[in-house]
Student: 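Structure provided below as structure tokens; questions to follow.
For reference, positions follow the sequence shown, starting with 1.
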Amino acid sequence: MSGAGNTDSTSAIPGGGNSAGRPEKAAAGAPADPAGPAAPAGPAAPAAPAAPNARRGPVVAALMLGMALAALDGTIVSTAVPQIVGDLGGFAVFSWLFSGYLLAVTVTLPVYGKLSDTFGRKPVLIAGIVLFLIGSLLCAAAWNMGSLIAFRIVQGLGGGAIQGTVQTIAADLYPLKQRPKIQAKLSTVWAVSAVAGPGLGGLLAAYADWRWIFLINLPVGAIALWLIARHLHEPSRPRTTRARPRIDWAGALAVFACGGLLLFALVQGGVAWPWLSAPSLALFGASALLAAATVVIERRAAEPIIPGWVWRRRTIAAVNLALGALGLLMVAPTVFLPTYAQAVLGLGPIAAGFVMSVMTLSWPVSAALSQHAYNRIGFRLTAIIGISCSALILLAFPFLPFPGAAWQPALIMLLLGAALGLFQLPLIVGVQSTVGYAERGTTTASVLFCRQVGQSVGAALFGAIANATLASRLSAAPDDIRAGLPDDLDSVSHALADPGSLTTEAADYLRRAVDTAVDHVYVGAAIAATAALLVLVFVAPRRFPVITEEKTAD
């Protein structure tokens, strides 16, 4: 890998193609799916332009800064909520500070992916960073909770462009053999940002002002913007018979509306209203109708936002489904493990965060080393090994003793991170290597979109499982402790955080109830891992149809 200062002229499909003996199936020009001929990708597909000419060191630095921006803003606000609510009010709706941001990121990923394939990565990434910084500045100037939520959505609209385009440019810049290095760097940035975010937000809220949480984005984003503008030089795009490419605005609006309505239903269901209530049923019904309308619109579009080949090609469809299951199972350690660590093990917030964060230590290391496995046995088999181990590790969680010691769940998270590193990165690198430059943005965005949707579905599904388990356990509580017991996971956690409000017997019973609820969530996560395994076994082709690549000078 070249350092800053070297100039690489990378081709459309950078160097490091299939070496002799590599088990992946090579194809020339366009991926030849074993399931049958791939559908045409639109007018841009036949002549993919060369990948960006760039000084890779500064560009990689910009990508890492951009990834840090997107990752930090998903978590940095969490510990500052008390100060924000105390200043602006709006306690009843503060959860939309997170939900609004994530919703905007998720529903815009497919749109930005198609735009980056149509107009190039650089303008989309620059526009995303600018929009993100405008949202950050507006958040810092918010005057009430409603305005802050609206400006967080603006941030999310920029964050969607950053997340997808950063991953795509990383794949453009590096050939297949070197791609794990940059992906491991981006994974490390994401992991460190996700863990450091809450602590940094708390420090800024306590010792400065919560508005600095958003203002610190400005210099970081400005540096990333300058590096991209100066050092990333995309080649001219191929000429087509049309003077200007068509933009599928109807499809973009349909995707945005359908995804937004579905995610809104998942976020609010079981919280603002019961799952089987009229609002939930109406929202899910409307989401289904919009999904059908989206399919009709995209089939008729000349250049659809979500092309049909994304789901017709077995490799891409399998990776989309598998990483959707990954998003679903990740809810167990990221959402429910901190509650378990505090309510069952009696740890403080910092120690509970550490129990979860050890997963981020092994994940990037495993991901970086995964190339040694998939270069020998292939992307699919490496991912199968990773997700099989993940399922077994998740199933081990319910067998932990009660109450147990903190090192026990920490060890499980360490092993889980190592297993998921073997699972995720080979699939991302593999699927990006089956398409050319002109299709890579759409492919990468579809993968990230499915993972984000899986995470939203998992939060709703596992939240329902945990609350149902708690309701069952609490209804079966002995008569002498049943009076005054809380009835959902959040209320139980708050009750256990205030020991004076419970008797010793009631507190012990609640801890056991939380332990059982989280055990059930981990069993559900293991089922999701098994579903991903079945997808890889029965849907994914035995060998990914990797496009041959030309060597580039380092």
Student: Check for a donor-acceptor pair, side chain of N217 on one end and backbone N or O of S136 on the other, with a separation under 3.5 Å.
Tutor: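 Looks like no, no N/O pair under 3.5 Å.
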Student: Quick check: do V255 and V107 have side-chain heavy atoms less than 4.5 Å from each other?
Tutor: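 With C-beta onward as the side chain, the pair stays apart.
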Student: Working to the nearest 0.5 Å, report the span between OG of S362 and CG of L369.
Tutor: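 Result: 11.0 Å between the selected atoms.
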Student: Is the closest side-chain heavy-atom distance between Q371 and R179 below 4.5 Å?
Tutor: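 No, side chains not in contact.
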Student: Apply side chain to side chain contact (heavy atoms under 4.5 Å, CB included) to the pair V523 and I465, showing each step before the final yes or no.
Tutor: CA-CA 11 Å; V523 171; I465 290 174; over 6 Å; no
Student: Judged by atom type as modelled, is there a donor-acceptor pair below 3.5 Å linking the side chain of Q452 to the main-chain atoms of F449?
Tutor: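 No: the side chain of Q452 does not pair with the backbone of F449.
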Student: Just how far is it from atom CG of L115 to atom OG1 of T108, taken to the nearest 0.5 Å?
Tutor: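 The CG atom of L115 sits 10.0 Å away from the OG1 atom of T108.
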Student: If I compare all heavy atoms of P409 with all of L337, which pair ends up nearest, and what's the gap?
Tutor: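 Closest approach of P409 to L337: CB-CD1, 4.3 Å.
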Student: Using 0.5 Å steps for rounding, measure from the OG atom of S366 to the CE atom of M359.
Tutor: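 So the OG of S366 and the CE of M359 are separated by 12.5 Å.
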Student: Might you point out which heavy atoms bring S370 and L422 nearest each other, and give the distance in Å?
Tutor: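 The pair with the smallest heavy-atom distance is CB-CD2, 3.9 Å.
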Student: CD1/I428 to CZ/F423 distance, rounded to the nearest 0.5 angstrom?
Tutor: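 One gets 9.5 Å once the value is rounded to the nearest 0.5 Å.
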Student: Using the salt bridge (charged side-chain N to carboxylate O under 4.0 Å, His left out) rule, collect all pairs that involve residues 391-418, keeping only residues at least two apart or in two chains.
Tutor: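 Those involving residues 391-418 do not exist here.
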Student: Could you give me the CA-CA distance, side-chain angles and deciding distance for Y340 and Y522, then say whether ring pair (Phe, Tyr, Trp, His ring centres under 6.0 Å) is met?
Tutor: CA-CA 11 Å; Y340 171 88; Y522 269 80; 7.8 Å; no
Student: Side chain to side chain contact (heavy atoms under 4.5 Å, CB included) for F544 and V319? Distances and angles first, verdict last.
Tutor: CA-CA 11 Å; F544 281 22; V319 172; 4.2 Å; yes
Student: Are M330 and Q424 side-chain neighbours, meaning at least one heavy-atom pair lies under 4.5 Å?
Tutor: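 The answer is no; the side chains never approach within 4.5 Å.
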Student: Show the numbers, then the answer: is there a side chain to side chain contact (heavy atoms under 4.5 Å, CB included) between V358 and W407?
Tutor: CA-CA 10 Å; V358 293; W407 67 266; over 6 Å; no
Student: Where do V521 and A466 come nearest, in terms of heavy atoms and distance?
Tutor: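 Looking at all heavy atoms of both residues, the shortest contact is CG2-CB, 4.0 Å.
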Student: Does a side-chain heavy-atom distance below 4.5 Å link R121 with Y437?
Tutor: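 The answer is yes, as the side chains (C-beta and beyond) meet within the 4.5 Å cut-off.
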Student: R152: which residues meet the salt bridge (Lys or Arg N to Asp or Glu O under 4.0 Å) condition with it, sequence neighbours left out?
Tutor: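 R152 satisfies salt bridge (Lys or Arg N to Asp or Glu O under 4.0 Å) with D73 once adjacent residues are dropped.
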Student: Working to the nearest 0.5 angstrom, can you tell me the gap between L329 CG and L416 CG?
Tutor: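 It comes to 7.0 Å.
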Student: Between I182 and L173, does a side chain to side chain contact (heavy atoms under 4.5 Å, CB included) hold up when you go through it step by step?
Tutor: CA-CA 9 Å; I182 181 62; L173 287 177; over 6 Å; no
Student: Using a 4.5 Å cut-off on heavy atoms from C-beta on, say whether the side chain of I316 contacts that of S446.
Tutor: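 When only atoms from C-beta onward are counted, I316 and S446 do touch, with a gap below 4.5 Å.
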Student: Side-chain contact test, heavy atoms from C-beta onward, threshold under 4.5 Å: evaluate it for S390 versus I393 and give yes or no.
Tutor: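 Counting from C-beta outward, S390 and I393 never come under 4.5 Å.
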Student: Taking M64's backbone N and O only, do any of them form a donor-acceptor pair with K185's side chain (distance below 3.5 Å, no angle check)?
Tutor: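 No: the side chain of K185 does not pair with the backbone of M64.
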Student: Is the backbone of I162 close enough, under 3.5 Å, to the side chain of T165 for a donor and an acceptor to pair up by distance?
Tutor: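 Absent.
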Student: Can you check whether G378's main-chain N or O pairs, donor with acceptor, with R543's side chain at less than 3.5 Å?
Tutor: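 A pair under 3.5 Å: no.
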Student: Determine whether P545 and T315 make a side-chain contact, defined as any pair of heavy atoms from C-beta on separated by less than 4.5 Å.
Tutor: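 The answer is yes, as the side chains (C-beta and beyond) meet within the 4.5 Å cut-off.
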Student: Is W311 atom CH2 crowded by more than 12 heavy atoms from other residues, nucleotides or ligands, each under 6.0 Å away?
Tutor: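 Yes - once you tally the heavy atoms of other residues, nucleotides and ligands closer than 6.0 Å, there are more than 12.
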Student: Counting distance only, does the side-chain N/O of T469 pair as donor-acceptor with the main-chain N or O of A517 below 3.5 Å?
Tutor: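 Not a single qualifying donor-acceptor pair exists.
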Student: Would you say R314's side chain and V539's backbone share a donor-acceptor pair under 3.5 angstrom?
Tutor: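 Side chain of R314 to backbone of V539: a pair is present.
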Student: Treating T443 as the side-chain partner and R440 as the backbone partner, does any N or O pair qualify as donor plus acceptor under 3.5 Å?
Tutor: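 A pair under 3.5 Å: no.
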Student: Rounded to the nearest 0.5 Å, what separates atom CG in L133 from atom SG in C139?
Tutor: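 Output value for this atom pair is 11.5 Å.
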Student: Is there side-chain contact between I385 and I377, with at least one heavy-atom pair below 4.5 Å?
Tutor: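 Side-chain contact under 4.5 Å: yes.
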Student: Minimum heavy-atom separation for V344 to R511, with atom names?
Tutor: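 Distance-wise, the nearest heavy atoms are CG2-O, 3.6 Å.
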Student: What's the shortest heavy-atom distance between A61 and L227, and which atoms?
Tutor: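 Smallest interatomic distance, heavy atoms only, reads CB-CD1, 4.1 Å.
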Student: State, to 0.1 Å, how close I305 and T442 come at their nearest heavy-atom pair, and which atoms those are.
Tutor: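 Closest approach of I305 to T442, heavy atoms only: O-CG2, 4.3 Å.
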